[in-house]
Chemist: 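The structure is given below, and queries will be raised subsequently.
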Amino acid sequence: MSSNIEVKRLRFWSNAVFACFISLLLTQAALAGDAKTAEPVKVKVLIGAMFEIGQMQGDKAGEFQYWYQRYFANSEPMSVVGASNPIYCNAEAVCGAVLGMGKVASSSNMLAILLDQRFDFSQSYFLITGVAGIPPSVGTIGDVSWASWLVDYDLGHRWSPEEEPAVSPAFKPRAGYESLRSFPLNQNLVDKVYGKTQSVALQTSPSAERYKRRYSQPQARRKPRLLMGTHVTGDTFFHGPGLSREAQYITELYDASPYTMTEMEAAAIAQVINRLHGTQRLLSLRGAVNFDQGSASESTLQHLDPAPGNTAGGFDITLQNIVAVGGHLVDDIVAHWSQWREAEQ
């Protein structure tokens, strides 16, 4: 009798395990079918910031936190194979991600996102955003700038200036990189977005206003405003009047518009986007959180490593200025998508 009971129990559990196994296979098949048949998200705008300091909310903000709070607070993070950070998308097909600092991290993460078949970027606007430095002869802390050109600072030859004192600046373009070292953006698009966002009010802070008085240049001491010009991408945080002049020299060599902002990613990201979708809908928006050189009363090293309490003091308000300007544009694109979608590329 007991043996019959054991046989029945064995049959019961075998059937149960088999049923669970079949159920699992059917579930996996259904998921695979859904993945194959699901329509990709037709992304209207992809926002790429470079870093976040901590959490997405509730602590000191990095470049992505205010974007997250404005567009993605109710969005689930989606992992992307090959990307170091997730992507977020809201119900209006606005997506955003932290791409990483520097050329390699930012461009490789962008490539992974663009190759993910869950997303359709064929009609997307690409908005690359972040903080930057600015020459005091051009602008001030809290300024926000739309790029008209993206120029690479590194693709060339450099030498110690004392070794060739008759040749200044100590830079020469390297042949063979002509299509990689500068990207003229769609000027019609840049003019359009500049016009649409020119009325956005920009903030300043008491600490930034005090800091700016160290500088004698009128542009450095004024209130923040919206600019347009060349953003220079370098893997080094270059500082000092000599390297600032070199950056301007490079933009002149490449027949670009005047050097306005220094950053570390956009020209590399532009290479990736250009290969897959072209740069006709690429925009770069940067905000100045520091000057690219010290004041007349400090050396370059003192400016690089300031004493406590001697920083520019405009980091958070500049982040808010960036999102105020960029968000104004994103909202317009979403509200009038039929017009933006059909805009000439």
Side-chain angles (χ1 to χ4, degrees), residues 31-32 34-56 62-68 70-132 147 150 152 154-155 177 179-181 183 185 231 233-235 263-286 322-323 326 330 333 345:
L31 290 173
D34 288 343
K36 290 179 180 178
T37 60
E39 286 292 322
V41 178
K42 294 184 181 297
V43 179
K44 296 182 177 75
V45 183
L46 176 61
I47 301 166
M50 304 309 127
F51 69 88
E52 188 49 60
I53 295 172
Q55 303 301 313
M56 290 301 175
E63 290 180 340
F64 192 63
Q65 187 171 125
Y66 291 129
W67 289 112
Y68 178 87
R70 182 162 179 153
Y71 294 109
F72 310 118
N74 297 316
S75 303
E76 292 295 323
M78 293 179 284
S79 297
V80 174
V81 175
S84 54
N85 296 295
I87 187 172
Y88 299 85
C89 293
N90 66 16
E92 296 173 318
V94 176
C95 299
V98 176
L99 299 178
M101 291 181 63
K103 295 178 186 175
V104 173
S106 61
S107 59
S108 59
N109 281 321
M110 176 59 81
L111 181 61
I113 290 170
L114 294 183
L115 292 178
D116 192 314
Q117 296 186 3
R118 293 173 297 173
F119 308 101
D120 179 354
F121 296 106
S122 60
Q123 294 179 309
S124 302
Y125 288 87
F126 301 96
L127 179 56
I128 308 306
T129 76
V131 297
L150 303 174
D152 192 289
D154 301 310
L155 289 175
Y177 291 93
S179 64
L180 304 178
R181 64 194 183 200
F183 294 87
L185 299 186
H231 296 179
T233 301
D235 262 329
E263 41 85 7
M264 301 179 66
E265 296 88 14
I269 295 171
Q271 286 190 43
V272 172
I273 295 174
N274 189 46
R275 292 175 186 177
L276 295 172
H277 299 287
T279 59
Q280 289 299 97
R281 295 195 174 193
L282 171 60
L283 294 163
S284 178
L285 182 66
R286 293 281 175 163
I322 293 168
V323 176
V330 172
I333 291 174
Q345 296 193 51

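Any value given below was found using the heavy atoms of this structure, including those in side chains, with hydrogens, waters and symmetry copies removed. Residue numbers count from 1 along this sequence.
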Chemist: Going by side-chain contact (heavy atoms from CB on, under 4.5 Å), name the residues that satisfy it together with Pro40, two or more places apart in sequence or in a different chain.
Modeler: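 Asp120.
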
Chemist: Does the side-chain contact (heavy atoms from CB on, under 4.5 Å) test come out yes or no for Val330 and Val94, once each step is laid out?
Modeler: CA-CA 8 Å; Val330 172; Val94 176; 4.0 Å; yes

Chemist: Determine, step by step, whether Leu127 and Leu46 satisfy the side-chain contact (heavy atoms from CB on, under 4.5 Å) criterion, reporting the C-alpha distance in whole Å, the side-chain angles of both residues, the deciding distance to 0.1 Å, and the verdict.
Modeler: CA-CA 6 Å; Leu127 179 56; Leu46 176 61; over 6 Å; no

Chemist: What residues, two or more places apart in sequence or in another chain, satisfy side-chain contact (heavy atoms from CB on, under 4.5 Å) together with Glu92?
Modeler: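 Scan of Glu92 (side-chain contact (heavy atoms from CB on, under 4.5 Å), adjacent residues dropped) gives Asn90, Val334.
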
Chemist: Got a donor-acceptor contact below 3.5 angstrom from the Glu263 side chain to the Ala266 backbone?
Modeler: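 Here the side-chain-to-backbone pair exists.
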
Chemist: How close do Leu180 and Asp152 get, counting heavy atoms only, and between which atoms?
Modeler: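 Looking at all heavy atoms of both residues, the closest pair is O-CB, 4.5 Å.
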
Chemist: Spell out, as yes or no, whether a donor-acceptor pair under 3.5 Å connects the side chain of Ser107 to the backbone of Ile269.
Modeler: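 Answer holds: no.
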
Chemist: Is the ring centre of Phe64 less than 6.0 Å from the ring centre of Phe51?
Modeler: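 So the answer is no for these two rings.
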
Chemist: Test of understanding: with salt bridge (Lys or Arg N to Asp or Glu O under 4.0 Å), list the residues that count as partners of Arg181, not counting sequence neighbours.
Modeler: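 With sequence neighbours excluded, Arg181 shows a salt bridge (Lys or Arg N to Asp or Glu O under 4.0 Å) to no residue whatsoever.
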
Chemist: In Å, rounded to the nearest 0.5 Å, how long is the span from NE2 of His277 to CG of Leu114?
Modeler: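 Going from the NE2 atom of His277 to the CG atom of Leu114 covers 5.0 Å.
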
Chemist: Nearest 0.5 Å, what's the CD1-CD distance between Ile273 and Gln280?
Modeler: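 Separation between the atoms: 12.5 Å.
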
Chemist: Say you draw a straight line from CG of Leu282 to CG of Leu150; how long is it, rounded to the nearest 0.5 Å?
Modeler: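 Here the rounded value is 6.0 Å.
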
Chemist: Can you check whether Gln123 reaches Lys42 side chain to side chain, under 4.5 Å on heavy atoms?
Modeler: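 No, their side chains stay 4.5 Å or more apart.
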
Chemist: Quick one: does any side-chain atom of Ser124 pair with a main-chain N or O of Val43 as donor and acceptor, under 3.5 Å?
Modeler: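 Yes; judged by distance alone, with no hydrogens or angles, the pair exists.
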
Chemist: Output the distance between atom OH (Tyr66) and atom CD (Glu52), rounded to the nearest 0.5 Å.
Modeler: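 Between atom OH of Tyr66 and atom CD of Glu52 there are 9.5 Å.
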
Chemist: Anything under 30° is parallel, anything over 60° is perpendicular, the rest tilted; go ahead and classify Tyr71 against Trp67.
Modeler: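 Parallel, since the angle between the ring planes stays under 30°.
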
Chemist: Give me the atom names and distance for the closest heavy-atom approach of Ala97 to Ile87.
Modeler: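 Looks like CB-CA, 4.2 Å.
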
Chemist: Looking at Asp235 and Lys103, would you say the former's side chain and the latter's main chain have a donor-acceptor pair under 3.5 Å?
Modeler: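 Such a contact is found between Asp235 side chain and Lys103 backbone.
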
Chemist: Just do the side chain to side chain donor-acceptor pair (under 3.5 Å) check on Ser84 and Asn109 with the steps written out, would you?
Modeler: CA-CA 7 Å; Ser84 54; Asn109 281 321; 2.9 Å; yes

Chemist: Within the 4.5 Å heavy-atom criterion, are Thr279 and Phe126 side-chain neighbours or not?
Modeler: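 In short, these two side chains do not touch, never coming nearer than 4.5 Å.
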
Chemist: Using every non-hydrogen atom in the two residues, find where Met50 and Ser106 come nearest and quote the distance to one decimal.
Modeler: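 In terms of heavy atoms, the two residues are closest at SD-CB, 4.2 Å.
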
Chemist: At what distance, to the nearest 0.5 angstrom, does CD1 of Ile113 lie from CG of Asn85?
Modeler: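 Going from the CD1 atom of Ile113 to the CG atom of Asn85 covers 8.5 Å.
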
Chemist: So, do Val131 and Glu63 sit near enough that their side-chain heavy atoms are less than 4.5 Å apart?
Modeler: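 Yes, side chains in contact.
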
Chemist: Test of understanding: with ring-ring contact (aromatic ring centres under 6.0 Å, His included), list the residues that count as partners of Tyr125, not counting sequence neighbours.
Modeler: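 Applying ring-ring contact (aromatic ring centres under 6.0 Å, His included) to Tyr125 gives Trp340.
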
Chemist: For Ile128 versus Met110, what's the shortest heavy-atom pair and its separation?
Modeler: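 Looking at all heavy atoms of both residues, the shortest contact is CD1-CE, 3.9 Å.
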
Chemist: Under the side-chain contact (heavy atoms from CB on, under 4.5 Å) rule, collect the residues that match up with Leu111, sequence neighbours excluded.
Modeler: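 Leu111 satisfies side-chain contact (heavy atoms from CB on, under 4.5 Å) with Leu115, Val272, Leu276 only.
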
Chemist: Ion pair present between Arg286 and Glu265, side-chain N to carboxylate O less than 4.0 angstrom?
Modeler: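 Judged by the 4.0 Å cut-off on N to carboxylate O distance, Arg286 and Glu265 do form a salt bridge.
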
Chemist: To the nearest 0.5 Å, what is the distance between CD1 (Ile47) and CD1 (Ile322)?
Modeler: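 Rounded to the nearest 0.5 Å, the CD1-CD1 separation comes to 12.0 Å.
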
Chemist: Give the minimum heavy-atom separation between Tyr88 and Ser75, together with the two atoms involved.
Modeler: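 Closest approach of Tyr88 to Ser75, heavy atoms only: CD2-O, 3.8 Å.
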
Chemist: Heavy-atom distance under 4.5 Å between the side chains of Phe183 and Gln271, does that happen here?
Modeler: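 In short, these two side chains touch, coming nearer than 4.5 Å.
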
Chemist: Less than 3.5 Å apart, which donor and acceptor atoms pair up between the side chains of residues 76-83 and the rest of the protein, not counting sequence neighbours?
Modeler:
none

